[in-house]
Structure formats: structure tokens, C-alpha cells
Amino acid sequence: MTVTRFAPSPTGYLHIGGLRTALFSWLTAKHNNGKFLLRIEDTDMARNSQEAKDAILKAFEWVGMSHDGEVVYQSERFGLYKKYIDQLLAEGKAYKCYMTKEELETLRKEQIARNERTRYDGRYRDFKGTPPKGIEPVVRIKAPQEGRIGFIDGVKGEFSVDASEVDDFIIARADGSPTYNFVVAIDDALMGLTDVIRGDDHLYNTPKQIVVYQALGFEIPRFYHVAMINNEQGKKLSKRDGATDVMAYKAMGYLPEALLNFLVRLGWSYGDQEIFSIDEMIKLFDPNDINKSASSYNLDKLLWLNAYYIKHKPESELVALLKEFGVDLQGHENCSMILNATKERGKTLVELAEQIKRILAAPTQYDEKSVKKAFKAEAKEILSAFAERLAKAQPQSQEDFHLLMEEIVKEREIGFGKLGMPLRVSLMGSMTGAGLDEIMAILGKGETIKRIERAIATLV
RNA sequence: GGCCCCAUCGUCUAGCGGUUAGGAUCCAUGGUUUUCAUCCAUGUUACCGGAGUUCGAGUCUCCGUGGGGUCACCA
């Protein structure tokens, strides 16, 4: 069975790049009816925070990517790691190193001065003497000293590094706590991972982890190293680039399905298809099709996708979502009409909410430019005539209102705009927005007349 | 700097030795619409450079250039 995972370290919020990697892993699992596991890599007690853990979990909940089984916390598994450290020590596959941090630093400086690659020199690898007093040793693993360490990457293809690139790295610190590459290999093996999909910034960790796999006799999973997402300038995504926090997209009024659709197309494609429902993604995604090159992201497409998903969102769901943006249409008698009139005019839920608010409440101020353009000489007279006619009639439907407008325009032999423009400013405060008959049908006769009268009073 | 990865319209991408190099987004124009938006149509824009292999190269090889990753008792 296919088992994948996402393994963030809780040092901050979930960012957009992490979400894409998680999505790829999740899709791979779902595609194969497998499991998608979540593991929190919190071995560095100093940098972890509970808020970060919560934020990550929340982001997953928002996008609807559920994990299988319990969340695994590495901080709760130190005993397990200790067991394997002792085992390797006993088997002579790892050893204690009494080099101090200062000595290591000195060695490094010398190597840099000689223009060499910085690496541990293996001085305690075969140490048999009496260990120096007063020094808590670290534990280092014995890495192969010659040949190449390689694997086949599902994205990059064959990949290998010279054994000299991998030194006897530390698996347990002086305080006994295990290090990253060691615990990742153990957890991935113990959790039964078949496919490890992660950012290609981990490419060089893989040979190290393979050393651990081999020392412990674990089966090596298949790796996929996904290229990074860059900003529009092609540079590494950083906090300076604005919204990198997944939850920021929620606040900006994006739909999770739009964000996921956007992300799945970054580094992956299926012919010319642009729109993918979650089910389609699951059906079609294959990690072996992931692109090798990095991609930079550009919000235009996300915005377009978001507009698409808003347009196609079922009404009831839209109503529920809109509540978080200050609009409550629950139980509103004209709910459908309002949504139909505004749906296509908002690229985000924020914009959609604004559009709806303009209908729900009378304008508190009128757009200056629009007023200047619309309220020419005879505007007041035409509007008054229209209001009068409205008062006498009993318009119910959109069509009724439309006919009323047509009557006036025809009788007076004027262009539609002569009535339409000032009317629109009166009702909405500006010259843009939904159809007039649509708006009036929503507002009803009374509110329409009220808004017209108010506009005449304040604008003319 | 060492090692390694990558390279098609501004952006996301298709292409897997023979195509007028396709789609999407953005932008522009036109149509639909009383306005805006939607929708529809049309258009501009790309194979990083140089050698080689081949009858033929965006596609294969090499070199260069550019970008990126990585070299911790961080993860």
C-alpha cells in the first residue's frame, strides 16, 4: 500500500510551497488508495512553538486535506530513537566523538582556508584510547568512505554523490538528543513510507538518510524531490513576497479549491487541462509527472481560478462562506437573486461581499466622478418622473421594473443612459454594478424610491 | 568556492528527432450587455548562447551563460 507523509517542523505557519508539497503527497496517497500521514518534526525544542503546530493543523483543515491516523510528534519518540542509537553503537556502526564544538570550528576554518570542503575528519572513528575527561561526546554514524551513494529520484532521475560528500555526521548531540537526518530516516521507515515527496532542498539529506537506512537495515522508500516555488522575480519565496502564509489566502477571500487547483498546476500538468476538481486531481495525479524545473508564482492565475470557483459554487456554501466577510444572507428572501446579481462581479469573497453590501445598504456616499457624469441637467427631472411612475405601479418582477424603465425612455425619446446612469448612481453610489432591473427587483419598490429621493435631495 | 540540479511566450505549461511550436493567464481589440462584470471572438509575445551528432534538433551530446539547491551538535 502506498504511504506518503508531510513532515513540517513547527517553527512558523504553513507556507504556500509546503502546501504544494503536501498536496502532491496527499494526492499520491489518495490516487493509490493509500495513506497520507502527518508528522511534526519538533526535535529542536528551542525553535518549536505550539502556535505553529496549531497553525499548520488549521491550514490543513481549511484546505480539506485530511491525514490518516494520529499526528506523529517526534518529540514524543526520543526513547525510540535512543534505542536505535544504542543499537548502532553496540554494532560498531556508530561511535562516540569527543571533539568539542571549538575544535570542530577550528577544523572547519582550516579547511576553508585551504579551500577544501568542510567535513568531519573522522578522528574518533576508530578511536580506542581513553576518552578525554569532562567532555560529553556526540554520536556519529559510520558513513561509507568510498564509492558513491545514490538513488533513483522520481522527479530528478538518477542521483548520486561521492561518498566523500557525506561525512560521519552526528546522529546524537552531546545532550543525547537525536538529529534530523537520523530521526527522519527512522520515522519514515517505521511509519511504513513507500513514497517520500519533499522539497528538493532536501536532495542532499537523502544520501545521509540512506546511510541510516542501510545501517539499520531498513527498506529504502522511493524519493521525489520537488523543485521550489519562486517569486515572480524567480527568486526564492520569502516573507517579503507578501502572502506566503496559507491562511492569509483564506482571509483574502480565496476558496481552498481554487488555491489547490492553482498549486497543483505549479510543476505538474495534464495536457491542456486547467481546471481540476479535487476528484480529478486524485484521479490524474502521478508524482512521476512532476516537472524538474522550479516555477514562480503569479497571482493572476489564482485570481482567475478563484473567480471561476466562486461562479460555480453552490449557493448554500457561498452563503456560509460569506458570513466570515460580514455578509449574512441566511434566510434572506432575495438570497438567490442577490447572489446571481453579484457572483460574477467578485474575484474573491472579499470583493463579492462588497458587491452585496452595496445592494443591502443604501449608498452612504456617491462616487464623485459618476455623479459628475450622470447627473447632468435633466437628470433630476427624469428621476422624479421615474419615481412617480414607480409609486403608482405595482412592479413585482425584474421584467416589471424593466418595462417601467422602457416606458419612460420611449415616451421621452431619450437614450437609456439618460435614465440608467443617474438611476444607477442613486441606487448603488456609482456607475458600475449589477443590472438595474435586477437591483430594483431585489430592493423592491419602496426602497428603490427611497434611494432615488435621497439621491435627488443630496446630489442636485 | 566544492558538489549537484534546472532552463519553451511576462507567468503557469504542452511538446518526448520531422508541428504554421499548442493551451491557459495577463495585456490589447471587437462583439454581447442600459453600466460594470461575465461570456464569445481575434490579436501581440517564447525554444538562453555556441559548437557537435543527424537528411532533419526545442527535443540527443559537450561547452558556456544565467538561475537555484546544498555544504550545522537547524529542520
Side-chain angles (χ1 to χ4, degrees), chain A residues 7-11 41-44 46-48 74 97 99-101 104-105 108 111-112 115-120 136-140 153 155-157 159-162 164-167 169-181 183-184 199-205 225 227-228 230 232-236 262 265-275 291-305 307 311 341-347 351 355 370 373-374 402 405-406 409 415-421 423-425 428 430-437:
Chain A
S9 57
T11 53
E41 315 226 303
D42 52 354
T43 52
D44 185 358
R47 297 205 307 161
N48 296 332
Q74 289 187 323
C97 169
M99 205 171 173
T100 62
K101 279 186 187 178
L104 236 187
E105 191 50 43
R108 229 172 246 141
Q111 288 169 331
I112 290 169
N115 230 328
E116 283 173 21
R117 181 195 151 72
T118 55
R119 68 195 305 277
Y120 174 64
E136 280 304 322
V138 298
V139 179
R140 290 181 180 273
D153 190 276
V155 176
K156 309 270 183 196
F159 180 85
S160 69
V161 295
D162 199 90
S164 65
E165 294 288 314
V166 180
D167 61 7
F169 59 94
I170 293 169
I171 58 173
R173 301 184 185 92
D175 65 3
S177 64
T179 59
Y180 175 76
N181 283 118
V183 299
V184 167
D200 73 356
D201 49 337
H202 285 286
L203 199 55
Y204 275 82
N205 288 141
H225 288 94
M228 305 275 94
N230 295 327
E232 261 179 281
Q233 287 74 268
K235 301 287 180 191
K236 192 178 177 178
F262 172 70
R265 285 286 287 97
L266 244 42
W268 178 81
S269 62
Y270 186 77
D272 285 341
Q273 189 169 341
E274 296 287 348
I275 305 285
N291 286 160
K292 291 179 175 191
S293 53
S295 42
S296 44
Y297 88 147
N298 162 278
L299 267 3
D300 285 339
K301 203 146 194 176
L302 174 57
L303 216 47
W304 170 74
L305 245 11
K311 261 181 286 180
T342 51
K343 238 183 192 178
E344 283 167 3
R345 275 165 257 263
K347 286 187 191 300
E351 285 178 16
Q355 292 288 331
S370 303
K373 216 170 164 192
H402 188 77
M405 281 195 290
E406 266 189 348
V409 168
F416 216 114
K418 285 267 194 289
L419 167 64
M421 286 203 292
L423 181 56
R424 178 177 300 285
V425 174
M428 305 284 284
S430 88
M431 278 202 304
T432 63
L436 285 170
D437 43 13

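Proteins get letters first, then strands, A, B, ... in listed order; numbering begins at 1 in each. Please read these numbers as outputs of a predicted model, since none were measured by experiment.
With a cut-off of 3.5 Å on both pairing distances, B:U34 has no Watson-Crick or G-U wobble partner at all. Pairing of B:U45, defined by two Watson-Crick or G-U wobble distances under 3.5 Å, is not identified with any nucleotide.
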Run the side-chain contact (heavy atoms from CB on, under 4.5 Å) check on A:Tyr180 and A:Asn205 step by step: do they pass?
CA-CA 9 Å; A:Tyr180 175 76; A:Asn205 288 141; 3.9 Å; yes
Mind running side-chain hydrogen bond (donor to acceptor under 3.5 Å, both in side chains) on A:His225 and A:Asp200 for me, showing each step along the way?
CA-CA 4 Å; A:His225 288 94; A:Asp200 73 356; over 6 Å; no
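Look at A:Ser296 and you'll find a side-chain N or O under 4.0 angstrom from OP1 or OP2 of B:C12. Contact annotation: A:Ser269 reaches the phosphate of B:A14 (side-chain N/O to OP1 or OP2, under 4.0 Å).
Between A:Phe262 and A:Tyr297, the ring planes lie tilted relative to each other; the angle falls in the 30° to 60° range.
Of the listed nucleotides (B:U11, B:A75, B:C73), B:A75 has the atom at the smallest distance from the side chain of A:Asn181.
As rounded to the nearest Å, B:C6 and B:C27 have P atoms that lie 34 Å from one another. A distance of about 13 Å separates the C1' atoms of B:U54 and B:U59, rounded to the whole Å.
The distance from the CG atom of A:Leu305 to the CD1 atom of A:Ile275 is 5.0 Å, given to the nearest 0.5 Å. For the atom pair CZ of A:Arg265 and CD of A:Glu274, the computed distance is 4.5 Å after rounding to the nearest 0.5 Å.
Nucleic acid contact class of A:Thr43 (heavy atoms, under 4.0 Å, all strands): sugar-phosphate only. Using a 4.0 Å heavy-atom criterion, one finds that A:Ala227 contacts no nucleic acid atom at all.
Because its NZ or CZ atom is not both nearer than 6.0 Å to the ring centre of A:Phe169 and within 45° of the ring axis, A:Arg140 does not count as a cation-pi partner of that residue.
Formation of a donor-acceptor pair under 3.5 Å by the A:Arg108 side chain with backbone atoms of A:Arg119 is not found in this model.
The closest side-chain heavy-atom distance from A:Val409 to A:Lys418 is not below 4.5 Å.
In terms of position along RNA chain B, the nucleotide closest to A:Val161 lies nearer the 5' end than the nucleotide closest to the other residue of the pair A:Val161 and A:Lys292.
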Let me have a per-nucleotide readout for nucleotides 66-72 of chain B, 5' to 3', with B, S or -, counting only protein heavy atoms under 4.0 Å.
-SSBSSS
Treat primed atoms plus P, OP1 and OP2 as sugar-phosphate and everything else as base, then score nucleotides 19-36 of chain B 5' to 3': B for base contact with protein heavy atoms under 4.0 Å, S for sugar-phosphate contact only, - for none.
---BBBSS-------BBB
